J.: 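Pasting in a structure now, in structure tokens, and then I'll have a few things to ask.
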Amino acid sequence: MDSPAIVTLEPEFMIRLERLRLSPRWDITQSESGEHMSRRHGASVEFADYREYRPGDDPRSIDWALLARHDRWYVKLFRGEENLRLELYIDASTSMHFSHPTKLAYAVRLAAALGYVALHQGHWVRAAFFGQRPHQLLPPLRGKHAVTRLFRFLALSHDAGPTNINGSLRQLAFQCRDSGIAVLLSDLMDPAGYASGVDALLMGGRRVVILHILSPEELHPEVIGHFEWIDAETGEHVDISVDRDTLALYRETLSHWTAEIRAFCETRRIPYFRIATDRPLSDVVFHDLRQGGFLA
Amino acid sequence: MSLLSPWWLLLLPLLYLVIILHTLHPQHHRVLISSVLLWERVRRQLAADARWRRLVANLLLLVQLLALFSLILALAHPAFLRSASRLRQDIVLIDTSLSMNATDLPPNRLQAATNELMKQIRTDRPRRIAVITAGPNPDIVYHGPASVATLQTVLRKIEATHGETDWNRAAVLVRSVLSSDKDRILIVTDGAFDSKELSFLAELAPENAIQSIKTAGFGVNVGITAFDARQVGASLSDYEVLITVANFSSEEAEVPLTLRGSQGVLGQRRLLIPAGEGRSVIFSHTFAGQEILHAEITYPDTLAVDNQAYLIAYPPTPTRVLLVGPGNYFLERGLQVFPQVRLERRLLYPGDGDYSLVIFNRLPVPENFRGTGLYLAGAPADEASGTVPSPEITWWNRSHPLTRFIDWSDVGLLRAFRLDRQPGARVLVESEAGPLLQLVESDEARILTLSFALEESDWPHRVGFPVFLSQLLQWAHPEGWDFVRSPLRPGEPFVLPPFLADADGWRGRMPSGATWHLGPGTGGIFWETNMAGIYTVEHPTGNFAFAVNAGSPSASDLRPRLVLPQAADETGEAQTYHSTSLWRPLVFWTLLLLVLETWLYTNKARPPVRQWSEQKGTE
């Protein structure tokens, strides 16, 4: 796949993204969110940046002087808020290179949107691609000017070979010990699973969000006949006659699998979003993620 | 079951096509996909349900094969064909006459014929069957469903008799069991009798419904066809014994003949008899007392029963006749002609005495009279009834032992007394004036009444008068008449003398040695004389015997003369069938199978519900 030099998002989409922010409600509702907020207010009096006022912002953070001079509503961003780090871990294994658009492309665009929201909000953003192991790592960025670097980095995605979610996430957790929000964008199709990797992220004090990217072919296969399925990563062959009943059994198997993942996430208070790549990105961002409380 | 359109079976190879279609694998696609993680789980699940799926697949194949086979079979138009014979009744007349004993077909003609009959019944399977033994005394031995086992039992018990078939009586029995014009009359016979004997069949059934199973062989027979004796000369004991031997073979036969009596061999002859002819031999013999004559020929033929015959003689006892009333010249002179008669005269009836015959001349018969009496009316029994002058005789019984052989038409009468018809009386001679000769019989008395005086008619001058007296004496006292009792034909009844009865009736032995018994209410008429030989009647005062001889010119002739269509001919002709078509139920069955096939196809991959227990993939 020829990767573009930079990931692009539609201007209208980006304008709409600027109105979003990582949901403090979602952050606060977690057990550690109160600490995070008090630490941000108590110790962080150092001014960092301005941002336009949006309904829901604390009125006490409004810069009344700017309002008086320019008649524009801005809120002050202080250092305490800069501590929030958004980590975007994107599965770039071979399995993510299927469908049209590929699951990876969809994940990249979704990560770009989330990164743009975070950078625009003044948070730190860190990104990494992984396959068998993490092979591309973007150092933490902050500020609107870092959007271009983030987008350039995301455009560097390529086939990373077989997947090893557990190993890759453990390495990433070890490399960066800061607490933050780790977003895992993956199809989770690793025979070895994903649990220990996610747990490693959690043990580092992160909050974890799983964006489960699946293609329409994986969600609703509509093929009939005798097939020899070949695993793109492992080369494993599965001979199977597919008829309507086999497809029903597949759907049942998929349902059980996602139920397993959802149950895993619920036990760890991890927000889980199953995302089909045939859905418009804006719907996912402005609807699913907002409704899930990840964005506000 | 038959197929009316069997060429549709050419589609049967389509069954192989179904099997081939089931064995074909669909086109194989190699597809690279992101991961087989889920498909592997599906494959494992399918493998766990493989037995169920294989069963369903096999069941599907089986149902499809069955449906296709049923459809092809329905197109072939299967039908149960039942021969028309299975809807009809067969009336089987089994000839049990003498000739059926012939051993030219082993073991004898009757057995061979019944064996052939069973083959026919097994083939035709009529709905019902009636089996009539056609012998001297025909009988219905079975009438019911045509059960092979039952019929075998019935036929096994049937034996050939030694007499000739009474076809007229058999016809009555056939008529009694006929149920419809579809019935078939099957005659099981050797055909050794004249076709005209069966003329009655034309009235009973259409010609094509009368068939025969003929089992005649080519046996030869030489038999004694006549054996009797007649009195000659003045002595009651001098007799001529007549024996006739007939040759029914196609070659001349030399036949040794032996006559034996109580004293041993009475005579021997060697007869040379041309084919198809007979020879009679007469022996003179004087009976000294009770004696059994036994005639026997020695010839290697296929029917042994008629190679011997018997004649039984008893010395006659005197006939005591009592004449009560004034003398009668004609009567007394007439009775004196018979040497065995002992005539006594009384003016009045004494009331007792062992008389064979009591003649009441112009005297009324006492009310308490017991025995045999002749009442000669000299005056009207009833004064008011009067007399009839010169009555003309209008009718007489030509078969009764008393009036047969007598021409009554020209008998002239001066007058006759008018007789009242008594209840139960039997009129033997009748005139314009009413009964002339009347018989009244009861258990204890037999009274014959003559309604005219002998001297007032010309009857005593006619030949018929001594004939009448002779028949009267024989009727009143048969034991005093003749030495020889003519032998009976098989099946002919024998009237047992009342004096041989005891409290329980009559009893005796058959020629086979088996005992027989007749109750008092049977009238002493013995019918079981189907077998030839000597029958004895046992009595405390001594045994009495009578003989039954088998041979006769018609019965001993074994050559088949009957012409009837053979029952087996039916199988060679176009038979009538009734068919029950099966294609409609088969089509219905096919539809049911197709519904089942559809249901199986739509539900075939629904294995039993399993709990999802695999938790792999989370680690």
Side-chain angles (χ1 to χ4, degrees), chain A residues 93-99 102-103 162-163 166 187-196 198 214-215 217-219 221 223-261 263-264, chain B residues 18-61 63-64 596-619:
Chain A
S93 65
T94 307
S95 65
M96 291 292 285
H97 288 262
F98 280 81
S99 190
T102 63
K103 291 183 281 183
T163 185
N166 288 329
D187 57 7
L188 300 180
M189 286 188 175
D190 184 352
Y194 47 84
S196 62
V198 173
L214 292 173
S215 68
E217 294 83 358
E218 291 163 337
L219 288 170
V223 289
I224 296 288
H226 190 80
F227 290 90
E228 181 184 2
W229 302 122
I230 304 169
D231 194 306
E233 293 184 5
T234 64
E236 186 181 353
H237 291 226
V238 173
D239 273 327
I240 197 165
S241 287
V242 181
D243 53 16
R244 290 184 302 109
D245 300 310
T246 311
L247 291 178
L249 183 60
Y250 177 90
R251 285 191 289 272
E252 188 183 352
T253 305
L254 174 68
S255 173
H256 279 287
W257 184 53
T258 53
E260 286 171 14
I261 301 171
F264 169 81
Chain B
V18 175
I19 295 173
I20 289 169
L21 286 175
H22 267 259
T23 54
L24 284 179
H25 286 290
Q27 191 179 0
H28 191 256
H29 303 281
R30 288 169 58 87
V31 179
L32 189 69
I33 60 173
S34 57
S35 173
V36 296
L37 178 74
L38 293 174
W39 285 112
E40 174 60 23
R41 290 188 180 192
V42 171
R43 191 193 62 76
R44 271 185 272 153
Q45 183 73 9
L46 290 175
D49 301 329
R51 186 175 297 173
W52 164 261
R53 288 172 175 275
R54 200 177 303 123
L55 176 67
V56 171
N58 291 340
L59 202 57
L60 258 182
L61 173 63
V63 170
Q64 286 170 1
L596 175 64
E597 194 269 348
T598 306
W599 181 85
L600 278 175
Y601 182 77
T602 53
N603 297 277
K604 66 174 183 175
R606 303 262 183 223
V609 176
R610 293 164 183 268
Q611 286 294 325
W612 187 266
S613 57
E614 292 181 348
Q615 295 297 325
K616 293 179 182 177
T618 57
E619 288 297 331

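Worth knowing before you read on, the calculation uses all heavy atoms, side chains too, and leaves out hydrogens, waters and symmetry mates. On a predicted model such as this, the values are computed, not experimentally measured, just so you know. Sequence lines set the chain letters: A, B, ... in the order given, protein chains first and strands last, and positions in each chain run from 1.
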J.: Could you give me the CA-CA distance, side-chain angles and deciding distance for B:Leu32 and A:Phe98, then say whether side chain to side chain contact (heavy atoms under 4.5 Å, CB included) is met?
T.: CA-CA 10 Å; B:Leu32 189 69; A:Phe98 280 81; 4.1 Å; yes

J.: Does some side-chain heavy atom of A:Phe227 sit less than 4.5 Å from a side-chain heavy atom of B:Ile33?
T.: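 Heavy-atom side-chain distance check fails, nothing below 4.5 Å.
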
J.: Are A:Glu260 and B:Arg41 close enough for a salt bridge, meaning some N to O gap below 4.0 Å?
T.: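 Looking at B:Arg41 together with A:Glu260, the answer is yes, because their closest N to O distance falls below 4.0 Å.
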
J.: Just how far is it from atom CG of B:Leu46 to atom CD1 of A:Ile240, taken to the nearest 0.5 Å?
T.: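 Rounded to the nearest 0.5 Å, the CG-CD1 separation comes to 4.5 Å.
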
J.: Could you report the tightest heavy-atom contact between A:Asp231 and B:Val36, atom names first, then the distance?
T.: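 Nearest heavy atoms, A:Asp231 then B:Val36: OD2-N, 2.9 Å.
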
J.: Any chance you could measure A:Asp187, atom CG, to B:Leu37, atom CG, to the nearest 0.5 Å?
T.: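 Answer rounded to 0.5 Å: 9.0 Å.
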
J.: Can you measure from CH2 (B:Trp39) to CG (A:Asp239) and round to the nearest 0.5 angstrom?
T.: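 It is 12.5 Å, given to the nearest 0.5 Å.
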
J.: Less than 4.5 Å apart, side chain to side chain, heavy atoms only: is that true for A:Lys103 and B:Ser34?
T.: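 Heavy-atom side-chain distance check passes, below 4.5 Å.
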
J.: Quick one: CD1 on A:Ile230 to NE2 on B:His29, what's the gap to the nearest 0.5 Å?
T.: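 The distance works out to 13.0 Å.
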
J.: Mind checking whether A:Glu218 and B:Leu38 have side chains closer than 4.5 Å, heavy atoms only?
T.: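 No, every pair of side-chain atoms sits at 4.5 Å or beyond.
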
J.: Identify the heavy atoms of B:Arg43 and A:Val238 that sit nearest to each other, and give their distance.
T.: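 Nearest heavy atoms, B:Arg43 then A:Val238: CD-CG1, 3.7 Å.
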
J.: Would you say the side chains of B:Gln45 and A:Thr253 form a donor-acceptor pair under 3.5 Å?
T.: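 There is no such pair (donor and acceptor under 3.5 Å, judged by atom type) between the side chains of B:Gln45 and A:Thr253.
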
J.: Side chain, backbone, both or neither: which part of A:Leu214 has a heavy atom under 4.5 Å from chain B?
T.: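 For A:Leu214, no heavy atom lies under 4.5 Å from chain B.
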
